[in-house]
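Report on the structure given below.
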Amino acid sequence: MHQVIQAVILGLLIGGVYALMASGLTLVFGIMRVINVAQGALVILAAYLSYALFSHAHVDPFLSVLIVTPAMFVLGVLVQIVFVRSLRGDDAEELSLLVTWALALGIEGVLSVIFKTTYRATSPSYADKTLTVFGYQVQFVRLMAFVGSAALLLVLSLLLTRTKFGRAVRATVQNPTAATLLGVDANRVQTLSFGLGVSMAAAAGAVYGVIYPFNPGSHYDLISRLLSIVVLGGLGSLGGAVVAALVMGVTEAVVAVEWQPTWASFSYFIVLIVVLLIRPQGIFGVRERAL
Amino acid sequence: MTRNGLLRGGAFVAAGIAFPLLFNAAWLVNIGILTLMYAALAVSWNLFSGFTGYITLGQVAFFGLGAYSLGITFEHFGIGSGYNPFYVLPIVGACVAFASLPVAWIALRTRAMTFAIVTLTLLFIVQQLAFNLHSLTHGSSGLMLPTPTTFGVDNYDRPFYYAMLGLVLLALLICWGILRSKLGLMLLSIREDEEKARGLGIRVTGTKLVAWWLHVFVTAMVGGVWAYYLTFIYPESSVDPLVMIGAVLMTFLGGRGTLWGPVVGALVLVPAQQYMLIHLGGSQLYLVGYAAVFMVVLLVLPRGIIPSIRDGVVRTRERQRTRGGAAKAAV
């Protein structure tokens with residue numbers, strides 16, 4: 001029992017970080033019906049940026065979030081303007097899936113040219129510190145990562161519910177045409193939210209490098225998780241993504257402890273398939289109508 | 001079959017058969033095999049995704065399943081060597097296709113984007129299985145297939161080349177048959193408006209599953225030939241996202257929903273890919289180059305070569321007709 005609770009704690013902590021990554025993905029989908037397959041690659045890119053800042057300028061990885069996130073926001077805005085906005089026509093959604101996949105390949109290629117394919121890890125002095133709470137081991141960096149992710153998710157939800165920009169975003173999600181008629185600049189909303197989605201990946205990525213070792217190819221593993229999370233939660237649902245990410249984190253951790261670590265990520269796919277069997281639209285999803 | 005279609009098909013078959021007889025060099029035949037492999041994958045991807053409008057990103061999972069099925073059959077049933085494994089292929093393909101139906105049924109309950117994502121996770125599931133089912137697949141250390149010794153050294157590649165060619169032709173024949181049949185009409189109506197198609201009494205799920213079965217059937221056989229050709233497979237190489245994206249890219253370049261589009265795409269891209277692989281070295285800059293080509297195709301030619309040419313021809317004809325009409329009116 002002790003082991004299981006320990007695993008649940010670990011799973012929740014990791015799930016929080018995945019929730020942050022997935023929130024950007026599902027936000028972008030909700031607003032412009034674009035699945036950003038490059039989200040995983042952008043996480044890895046941020047992890048490398050933060051790694052470079054740490055190893056060359058000795059910037060603490062948690063502080064580097066403040067540098068990496070704005071930089072990646074700008075990158076996200078540029079990507080949206082150059083690659084995503086120019087897609088038109090009936091199947092712009094499907095094309096965007098492939099364009100962002102190409103972007104992911106490009107990022108992977110550039111990273112492997114610069115950093116080679118050996119695994120890296122950002123290891124600050126406190127990387128191995130653990131706290132003991134009621135007899136349960138909690139790694140300090142994971143706790144920090146969870147708290148930081150939760151804080152950013154809170155900021156994001158405040159931004160969406162309390163500001164004028166947030167209202168414009170939610171209006172665009174509900175009905176793009178009506179929002180445009182009411183004076184919302186759809187292009188601006190789309191570009192800024194794509195940037196926002198990428199900066200969520202960036203913030204999570206800077207922290208990811210402290211928790212896990214990574215190489216340029218790690219983005220495949222990440223994106224397969226992130227996509228399953230957003231589908232499980234229901235495409236476009238922010239709350240769904242958070243819940244699904246926590247479910248995934250806990251399932252993986254418990255299976256790893258109780259059964260075998262090699263089957264951990266597989267168990268999550270089973271959960272996904274079972275959920276889709278019962279609810280094809282995901283846990284919190286709205287049923288998609290035929291296009 | 002129209003006369004033009006017959007000519008096109010005949011020319012393709014003749015060129016396909018003649019190629020390894022004219023060019024003996026092993027590296028050229030090797031590129032030929034790869035080109036045909038991608039052509040077969042792209043044609044069968046098009047068979048499902050091009051005709052139904054449901055984009056699958058999990059095709060390569062069944063390529064891997066086909067490869068592993070053949071490898072495992074070798075190990076446990078001793079299907080002999082030489083040409084024998086080729087005869088087992090249709091059984092392997094059919095078994096993989098039937099086994100994939102339940103998963104396809106679940107995935108097809110979702111729509112458009114969700115379907116694409118679910119199939120993509122399928123790719124990762126199969127890769128995980130290949131890693132984890134150690135007793136069957138030997139995990140990351142890979143699976144050895146016996147090297148066929150009866151093919152001789154000089155023209156070792158030829159049987160594989162012709163096997164791939166046969167699979168391309170099979171895939172093309174299936175597509176051609178579908179395009180002329182009621183099944184094709186049903187698939188196209190699903191692509192245009194699924195709800196209306198259902199309203200007209202078309203069994204949409206059953207129709208989609210037939211197309212799915214056919215595309216997996218061909219894909220798994222291609223995987224089998226590929227495994228026998230390389231005689232060594234491991235999880236990353238047999239379920240490779242790059243192969244998946246390659247087949248999709250070729251179909252997009254050539255033209256989705258057309259008969260010859262995917263073949264044209266493969267004929268253009270595979271040699272280009274091999275060239276980049278040789279000249280940009282390793283898989284590092286090569287990836288960047290590949291991504292760049294991909295971007296250009298999607299942003300500049302999103303409809304593909306064949307539809308663009310067809311539009312061009314129609315436009316020129318119309319212009320000539322109106323010009324002729326205008327000249328007559330002036331007289």
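Every chain is numbered from 1 and lettered A, B, ... according to where its sequence line falls, protein lines coming before strand lines. Just so you know, these numbers come straight off a predicted model, no measurement behind them.
In the displayed structure, B:Y234 atom OH is contacted under 6.0 Å by at most 12 heavy atoms of other residues, nucleotides or ligands.
Here the OH atom belonging to A:Y220 is positioned 12.0 Å from the CD atom belonging to B:E236, to the nearest 0.5 angstrom.
In terms of the salt bridge (Lys or Arg N to Asp or Glu O under 4.0 Å) criterion, A:K116 has no residue partners (sequence neighbours excluded). Partners of B:D240 by salt bridge (Lys or Arg N to Asp or Glu O under 4.0 Å), not counting sequence neighbours: none found. When the salt bridge (Lys or Arg N to Asp or Glu O under 4.0 Å) test is applied to A:E108, no partner is found at least two apart in sequence or on another chain.
Of all residues spanning residues 248-263 of chain B, those with a heavy atom less than 4.5 Å away from chain A's heavy atoms are B:V248, B:F252, B:R256, arranged by number.
In this structure the side chain of A:W101 reaches within 4.5 angstrom of the side chain of B:L120, judged on heavy atoms. Between B:L57 and A:L97, some side-chain heavy-atom pair lies under the 4.5 Å cut-off.
Of the two parts of B:I55, only the side chain, counted from C-beta on, holds a non-hydrogen atom closer than 4.5 Å to a non-hydrogen atom of chain A. Interface residue A:I273: backbone and side-chain heavy atoms are both found under 4.5 Å from chain B. Contacts of A:I35 with chain B are made by both backbone and side-chain atoms, with heavy-atom separations under 4.5 Å.
Between chain A and the residues B:V297, B:V103, B:I106, the most heavy-atom pairs under 4.5 angstrom are made by B:I106.
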